[in-house]
Amino acid sequence: MKRKNILSAFATILFFSIFASANGQIQKHQASYIYTFTRFIEWPTQGQTEFVIGVIGKNHPLTAELKASSSGRSVGALPIKIVEYASADVMGDCHILFVPDEKSSQLKKVDSKVSNKSTIVITEEQDWVPSESTINLQIIDSKLAFNINKAQFNTKSMRVSDKLLALSK
């Protein structure tokens with residue numbers, strides 16, 4: 001009986017460590033995609049001193065990956081700054097805003113705050129693509145993929161590369 005409990009506990013720990021590792025890999029890939037998007041999209045940059053990537057939600061695992069992957073990097077001449085916002089109510093101006101699936105209930109408020117700004121809203125919904133999302137990241141066949149909402153880009157003063165559009169699912 002004792003041996004079964006130990007094996008069960010070990011199996012549980014192993015399962016969660018594998019899950020956490022896989023989940024950490026997802027954030028690593030998401031951070032890489034987000035940085036890569038900056039090379040295929042042109043934002044208006046007049047009077048700006050930094051390129052801001054925001055994340056809705058405190059202590060989200062993607063924030064650490066974004067900070068690690070963007071350290072010392074810039075978009076054009078603007079150094080990248082990663083900012084966490086507790087909610088859409090307190091968010092500031094940013095070029096890219098990541099809204100994790102657990103915060104998707106805030107998308108309407110996010111959309112109202114960025115509708116007249118050059119902000120890309122990136123989501124990670126698996127079963128649908130929110131209309132407020134500019135780019136949605138999804139896992140398809142165990143690989144990270146993305147969908148681009150062209151209508152959202154058309155309402156913003158940004159240019160998206162045809163190369164990036166061609167890669168969209």
Side-chain angles (χ1 to χ4, degrees), residues 25-58 60-104 106-126 128-140 143-169:
Q25 288 297 314
I26 291 169
Q27 275 91 34
K28 190 175 221 165
H29 291 297
Q30 287 176 327
S32 177
Y33 271 51
I34 291 169
Y35 177 72
T36 301
F37 293 150
T38 67
R39 296 182 4 219
F40 292 95
I41 299 167
E42 292 179 27
W43 282 264
T45 57
Q46 273 184 321
Q48 298 177 3
T49 58
E50 51 197 5
F51 188 92
V52 179
I53 300 174
V55 177
I56 296 287
K58 290 288 188 179
H60 192 277
L62 180 63
T63 304
E65 288 295 338
L66 284 168
K67 286 180 178 181
S69 68
S70 65
S71 179
R73 291 185 172 182
S74 60
V75 176
L78 303 176
I80 296 174
K81 179 181 179 182
I82 309 300
V83 180
E84 285 183 314
Y85 303 109
S87 70
D89 293 324
V90 296
M91 66 176 266
D93 289 341
C94 52
H95 296 86
I96 295 175
L97 181 68
F98 180 78
V99 182
D101 59 353
E102 65 269 14
K103 300 291 183 181
S104 63
Q106 297 186 40
L107 277 170
K108 294 272 187 235
K109 185 166 282 202
V110 165
D111 191 51
S112 71
K113 288 189 152 207
V114 302
S115 63
N116 62 347
K117 298 180 180 175
S118 297
T119 300
I120 291 177
V121 177
I122 299 179
T123 55
E124 60 174 353
E125 295 298 328
Q126 296 305 306
W128 60 293
V129 178
S131 60
E132 302 86 0
S133 177
T134 315
I135 298 174
N136 186 61
L137 302 173
Q138 291 178 306
I139 307 295
I140 299 174
K143 294 182 181 169
L144 190 61
F146 63 94
N147 300 69
I148 292 180
N149 182 342
K150 293 177 194 169
Q152 279 286 345
F153 267 109
N154 292 338
T155 64
K156 313 233 181 223
S157 54
M158 298 178 284
R159 267 196 57 218
V160 60
S161 163
D162 289 337
K163 292 177 184 178
L164 188 61
L165 289 171
L167 293 172
S168 176
K169 299 287 175 200

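Just so it is clear, the model here is predicted, and its values are computed rather than measured.
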Legend entry - Residues in side chain to side chain donor-acceptor pair (under 3.5 Å) contact with Lys108, at least two apart in sequence or another chain: Glu132

Legend entry - Trp43/Gln48 under side-chain contact (heavy atoms from CB on, under 4.5 Å): CA gap, chis, key distance, verdict: CA-CA 11 Å; Trp43 282 264; Gln48 298 177 3; 5.9 Å; no

Legend entry - Leu62 side, atom CG; Glu84 side, atom CD - distance, nearest 0.5 Å: 9.5 Å

Inset, instruction - Only counting residues at least two apart or in another chain, list the ones meeting side chain to side chain contact (heavy atoms under 4.5 Å, CB included) with Ala68. - result: none

Legend entry - Thr155: partners by side chain to side chain donor-acceptor pair (under 3.5 Å), with sequence neighbours left out: none

Inset, instruction - Calculate, to the nearest 0.5 Å, the distance between atoms NE2 and CZ belonging to His60 and Phe98 respectively. - result: 5.0 Å

Legend entry - From CA spacing to verdict: side-chain contact (heavy atoms from CB on, under 4.5 Å), Phe153, Thr134: CA-CA 7 Å; Phe153 267 109; Thr134 315; 3.4 Å; yes

Inset, instruction - Specify the closest pair of heavy atoms between Ala88 and Val110, including all atoms of both residues, with the distance to one decimal. - result: CB-CG2, 3.6 Å

Legend entry - Closest heavy-atom pair and its distance - Ile140, Ala145: CD1-CB, 3.9 Å

Legend entry - Distance-minimising heavy-atom pair for Gly57 and Lys103: CA-CE, 3.9 Å

Inset, instruction - Considering non-hydrogen atoms only, spot the tightest contact between Ile96 and Ile122 and give its length. - result: CG2-CD1, 3.6 Å

Legend entry - N/O donor-acceptor pair under 3.5 Å between Ser118 side chain and Pro44 backbone: no

Legend entry - With Asp89 via side chain to side chain contact (heavy atoms under 4.5 Å, CB included) - residues at least two apart: Ser87, Lys109

Inset, instruction - For residues 150-167, pull every pair meeting salt bridge (Lys or Arg N to Asp or Glu O under 4.0 Å), keeping only residues two or more places apart or in separate chains. - result: Glu42-Arg159

Inset, instruction - Starting at CG of Leu164, measure out to CD1 of Ile41 and round the result to the nearest 0.5 Å. - result: 5.5 Å

Legend entry - Sequence-distant partners of Lys113, side chain to side chain contact (heavy atoms under 4.5 Å, CB included), two or more places apart: Met91

Legend entry - Which residues share a side chain to side chain donor-acceptor pair (under 3.5 Å) with Thr38, sequence neighbours left out: none

Legend entry - Heavy-atom closest pair, residues Val55 and Leu97: N-CD1, 4.1 Å

Legend entry - Approximate separation, where rounding is to 0.5 Å, of Ile120 CD1 and Ser133 OG: 10.0 Å

Inset, instruction - Dump the intermediate steps for side-chain contact (heavy atoms from CB on, under 4.5 Å) on Asp111 and Val121, then the final yes or no. - result: CA-CA 8 Å; Asp111 191 51; Val121 177; 5.9 Å; no

Inset, instruction - Calculate, to the nearest 0.5 Å, the distance between atoms CG and CD belonging to Leu137 and Gln126 respectively. - result: 9.0 Å

Inset, instruction - Would you give the length of the straight line joining atom CD1 of Ile56 to atom CD of Gln106, rounded to the nearest 0.5 angstrom? - result: 5.5 Å

Legend entry - ring-ring contact (aromatic ring centres under 6.0 Å, His included), paired with His95, selected from Tyr35, Phe51, Phe37: Phe51

Inset, instruction - Would you check if Gln25 and Leu144 make a side-chain contact, meaning some heavy-atom pair closer than 4.5 Å? - result: no

Inset, instruction - Given side-chain contact (heavy atoms from CB on, under 4.5 Å), test Phe40 with Leu165 step by step and report yes or no. - result: CA-CA 9 Å; Phe40 292 95; Leu165 289 171; over 6 Å; no

Inset, instruction - Check ring pair (Phe, Tyr, Trp, His ring centres under 6.0 Å) between Tyr85 and all other residues, then give those that pass, not counting sequence neighbours. - result: none

Inset, instruction - Using the test side chain to side chain donor-acceptor pair (under 3.5 Å), find all partners of Asn136 that sit at least two apart in sequence or belong to another chain. - result: Thr123

Inset, instruction - Search all heavy atoms of Ser112 against all heavy atoms of Ser115 and return the closest pair with its distance. - result: O-OG, 3.7 Å

Inset, instruction - Would you mind listing every salt bridge (Lys or Arg N to Asp or Glu O under 4.0 Å) that reaches into residues 116-126, with sequence neighbours excluded? - result: Asp93-Lys117

Inset, instruction - Taking salt bridge (Lys or Arg N to Asp or Glu O under 4.0 Å) as the test, write out the residues that go with Lys81, two or more places apart. - result: Glu50

Inset, instruction - Sequence neighbours left out, what passes side chain to side chain contact (heavy atoms under 4.5 Å, CB included) with Ser70? Give chain and number order. - result: Ile80, Ile82

